[in-house]
Amino acid sequence: MGESTTLAVHRCRFVDYTPSSITAVAFPPLPLPSIFQKGKTSAKQPSRFGTLAVGHANGNIDLCEWAGGEKDQQSSQAWVIRKTLPGPHPSKVDSLAFVIRYPDDLNAEDTPSCSDLRLFSSGGGSNLLEWDMDRACVRRTISSQGGSIWCMAVNPASTLLALGCEDGTVRLLSLVNDTLTHHRRFDRVKCRVLSIAWGPPVPQFPQKQTSGNVQDSESDDDEDTWNDTWLVTGCSDSSIRKWDVSTRRVVDRMGTDKVRGERTLVWTVGVLGDGTIVSGDSLGMVKFWDSRTCTQLQSFQGHGADVLCLAVGPEGNTVFTSGVDQKISLFSLVKTGSSGPTSLGHSSPSRWVQSCSRRMHSHDVRALATWPPYTALPPSHKRRFPIDISPILASGGLDMSVVVTPAALPSTTVAKVINPLSTSAHCTFEDSYHRRLAYSSGASGMTAIQIARKARFVSCIRDSGLSVWRVQARPSGDLDESLEADVTRVDPESNTGWEKVLEMDLNVRTNLIASGISDDGKWLVVSDLYESKLFSLSHDVRGELAVRRIRDFSSILQPHIPNSTTLSTGGQAFQFTPDSSKLVMSTTFSSYVLVIDLTGEKPRVLRRFDQHRFKDTLFRDRVVKGRKADVDTDVEMMNRTSDSGLSEEEKQSSKPVVTSILRMSISPDGQWLATSDDHARTHIFNLDSIQHHTVLPSFSKPTQALAFDRRQPDILIMAFPDNTLQIYNVESRQFPAWGKELCSNLPKRFAQAHDPVLGVVFDPAEPVPGSNTAPRHAIFWGSTWICKLSVADSAPRGTTKKRRRESAAPSAPLPTDDSHGDFKMIMHYRPILGLDFLAGGELVVVERPLVDVLSDLPPAYFKHKYGAS
């Protein structure tokens, strides 16, 4: 067993960070199948799990990627935030919709990636936003011309976007060939259009040609054409309307129930492939309608209050609904032998039944989405999926966390079903365990908490402000009694343990995305998408913290950001050197790394690096993302263009690419800088000579956390979203053998933790002289766990590689925790917003308990039931 470690822990719960509630979730659609596949059903799983977009009430949109590999059908971490699109301040997100940019370029089984998709959002106003997911900014804005946008829906072919507006109109926008223009407007009705859904498209087969091959070739353009014939809207006047797309007029009107003459609001509607219409309203009713006769088929009192959202299962035989009463209800289509009302398009009699309901949220549920996504297709072209992989239901609401749940039907249990979330062996919606994805305190999965060790400051950014606290030095003397895992807690309940020293509200264009504070507490930097703000901190004669903004900081940065399409000096990541003499930042739109000197009278840019702007090239028989071929990668600052000395072919390969440099770390001795972007490329720079040092091989996933070892500052540890590690020696430019062995034999409990690793820290305590052989430990942490893991070189010195291979026992795919005596994991701090050392043996853990966050929300819906247990 490894040696126990006792740490003094400041369990900080005074940080009043409040995450934003979830208002929308969306998965990308799948491409439509060919119209000639009539009668041919595909039972293939999509090639990979799609991107999950999560919209928040503060205007931010999180793009979450599947943590497993492209071929992995299971992942303990599920979806992990890859990038955050900061919303304009102030704003909100009410609706989200993915659109395939060029649908004809994809096969029916392909899963669109972010590069294949367009993302639209609306926030209660009259403007529709299209987002640039690479640059994390708004790409286009268009007015609805009909007042506030209450709802929107994309047609199955990804060519039209329908908007339901305040003035009672439905407006169609054309999305063909990556455009966004007004297409047509439907007749106006005297109510608001609260919800909207497209009916199943009709295949348009090419007309038979009789005059030879010339006309046959002319008909190739009409090979795969799907025509939209009708759509349905839920309105604020207790009605559901069916519209003809070609005539733009109401075909029929369906009335819902009323109570005492009050209007019923139809908050959500959906359409199945057989033409069945599903609606949820403010009375808690879930109704199924016949779209041909526009009459009610079935009605359920599914909820105790408003039904705000619904989602259809991947094959159209399940419907999930939820709303104000916090529960999610499942409706299933079952075959019956009776001759009652049947669902359309089914040869055998069938009825909808309310199968079960589960309460997985503590407050209102605002959004539901399923993966694989459902596409309303005619029964002749119905898409089928394999029954051995459970679909996933994602839900979100006021309690600020996305909940993902396996949602297989009980009828599929005849075969062994894989649970993609690895939560339990059960995969049915009724019996499976759900997963609550931890919320992130900062943008793009980073932490909003920054620690200044020498000054003992703790800073936290919000949407448009920043707070700084000072943690008092712990009293000398004996520590409190030891907790589990040899951690001692110092939990200041009164203001004697901490004090707030700074509170700032800033004038910003978007929500803040990054911040940094120097170790000596004399420099503070924050940034939104367009501007970085640098502040100098000092103490006045009364001992209070005085703040002075460096007004010309943006003008100092601007000349060193050439060819920028916008006059932006925003930063996506900041790092101060340990001696607080330099600031390193990555720019938002231009993907530069700037090294800034802070020792003079005013800040001065020392160097600009642009290695992250290069495209993939072939280098020494391997593909490296973002390396310039056979040229010096050190970047001169002002007197050289990036294309000088390159051939035409090399110029093409070195055209700048759009990327976001989100992770950054500086070694404890201040010599090395590591930067990593969302294209999974990591570069190493030497800050002593201020030159580019090397580039690492590209990995399959972007880096989640970076840290340098304190005892060996040339050892870089990289953690990835699936809780795998890589250890790299930047001095020798290689992955050491002991690091490869360690990374391939991680403890099972660590590798399969349900939350991804968010950070890596090392104890800054001075090593005992002569103890270079003593084991080194890194502290890894996620939202709900902290673990101690040895990262020491355990290979015998002086032995050959062959001898080390022979001495290594055959290892299992995932070793048990018992084989790692120096491994320890604790899980009683949650949720963790930030973790770092203040001094040797003194750890700060910033918590924001969920009960404290929920206490600020309005009371949840609750209805007393007499005699209920």
Side-chain angles (χ1 to χ4, degrees), residues 1-5 7 9 66-69 72 74-81 421-424 435-438 440 445 447 483-487 663 699-709 715-728 735-736 738-763 775-794 808-809 811-832 834-837 843 845:
M1 295 292 291
E3 298 181 359
S4 62
T5 304
L7 299 174
V9 178
W66 182 251
D72 293 341
Q74 286 183 301
S75 173
S76 298
Q77 295 78 27
W79 280 272
V80 178
I81 298 176
L421 304 179
S422 301
T423 52
S424 63
R435 277 279 320 279
R436 184 180 296 273
L437 303 184
S440 173
T447 176
L483 296 178
E484 181 185 354
D486 302 316
V487 176
R663 302 295 189 268
F699 300 99
S700 59
K701 297 287 182 182
T703 306
Q704 187 77 2
L706 290 171
F708 285 92
D709 193 341
I715 296 296
L716 174 66
I717 296 182
M718 296 173 287
F720 297 91
D722 55 355
N723 285 6
T724 57
L725 303 179
Q726 291 289 341
I727 298 178
Y728 185 75
F735 295 91
W738 63 267
K740 295 179 182 179
E741 181 180 355
L742 172 66
C743 296
S744 61
N745 292 277
L746 293 174
K748 180 179 179 180
R749 196 176 173 198
F750 174 81
Q752 295 185 353
H754 280 175
D755 291 305
V757 59
L758 295 179
V760 188
V761 295
F762 289 89
D763 192 341
R776 301 192 310 276
H777 296 93
I779 304 295
F780 296 85
W781 62 277
S783 180
T784 57
W785 53 267
I786 305 173
C787 87
K788 178 189 73 172
L789 185 64
S790 172
V791 293
D793 182 356
S794 58
S811 58
L814 282 175
T816 60
D817 299 336
D818 295 337
S819 62
H820 293 263
D822 49 4
F823 170 79
K824 202 75 175 181
M825 177 177 282
I826 58 174
M827 306 187 71
H828 54 266
Y829 299 101
R830 62 175 60 193
I832 301 173
L835 183 145
D836 204 348
F837 282 93
L843 189 68
V845 179

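Since the structure is predicted, the reported quantities are computational estimates derived from the model, not experimental observations.
With values rounded to the nearest 0.5 angstrom, Q752 atom CD is found 11.5 Å from L746 atom CG. The line from SG of C787 to CE of M827 is 10.5 Å long, rounded to the nearest 0.5 Å. Taken from CG in L725 to CG in L789, the straight-line distance is 7.0 Å, to the nearest 0.5 Å. Note that CG of L421 and CD of Q77 are 11.0 Å apart. Values are rounded to the nearest 0.5 Å. Atom CD1 of I786 sits about 13.5 Å away from atom CZ of F780, to the nearest 0.5 Å. Between the NZ atom of K788 and the CE atom of M825 there is a distance of 13.0 Å, given to the nearest 0.5 Å.
Annotation: side chain of D763 is not in contact with side chain of I779 (no heavy-atom distance under 4.5 Å). Proximity of P736 to I727: side-chain heavy atoms (C-beta onward) are separated by under 4.5 Å at one or more points. When side chains are defined from C-beta on, L843 counts as touching L835, because their heavy atoms get closer than 4.5 Å.
Of all non-hydrogen atoms in P721 and P702, the two that sit nearest each other are CD-O, 3.2 Å. Looking at every heavy atom in both residues, R663 comes nearest to A705 through NE-N, 4.4 Å. Shortest non-hydrogen contact noted between A719 and V757 is CB-CG1, 3.3 Å. Of all the heavy atoms in V791 and W738, the pair that sits closest is O-CZ3, 3.0 Å. Nearest heavy-atom pair, F762 versus H777, reported as atom, atom and distance to 0.1 Å: CD2-O, 3.6 Å. Residue G834 comes nearest to T447 through the heavy atom pair CA-OG1, 3.9 Å, listed as atom of the first residue, atom of the second, then distance.
For the side chain to side chain donor-acceptor pair (under 3.5 Å) test, no residue two or more places apart in sequence or in another chain qualifies with S422. Here S440 pairs with I81 under the side chain to side chain contact (heavy atoms under 4.5 Å, CB included) rule; sequence neighbours left out. Under the rule for a side chain to side chain contact (heavy atoms under 4.5 Å, CB included), the partners of T703 that lie at least two apart in sequence or sit in another chain are S676, T682, L706, M718, F720. In terms of the salt bridge (charged side-chain N to carboxylate O under 4.0 Å, His left out) criterion, residue partners of D836 (sequence neighbours excluded) are, by chain and number, R453. Every residue two or more places apart in sequence or in another chain that forms a side chain to side chain donor-acceptor pair (under 3.5 Å) with T784 is listed here: D755. When the ring-ring contact (aromatic ring centres under 6.0 Å, His included) test is applied to W66, the partners found at least two apart in sequence or on another chain are F49, W79.
Distance alone, capped at 3.5 Å, is enough to place a donor-acceptor pair between the K701 side chain and the G68 backbone.
Checked against the 6.0 Å centroid threshold, W785 and F750 count as a close aromatic pair.
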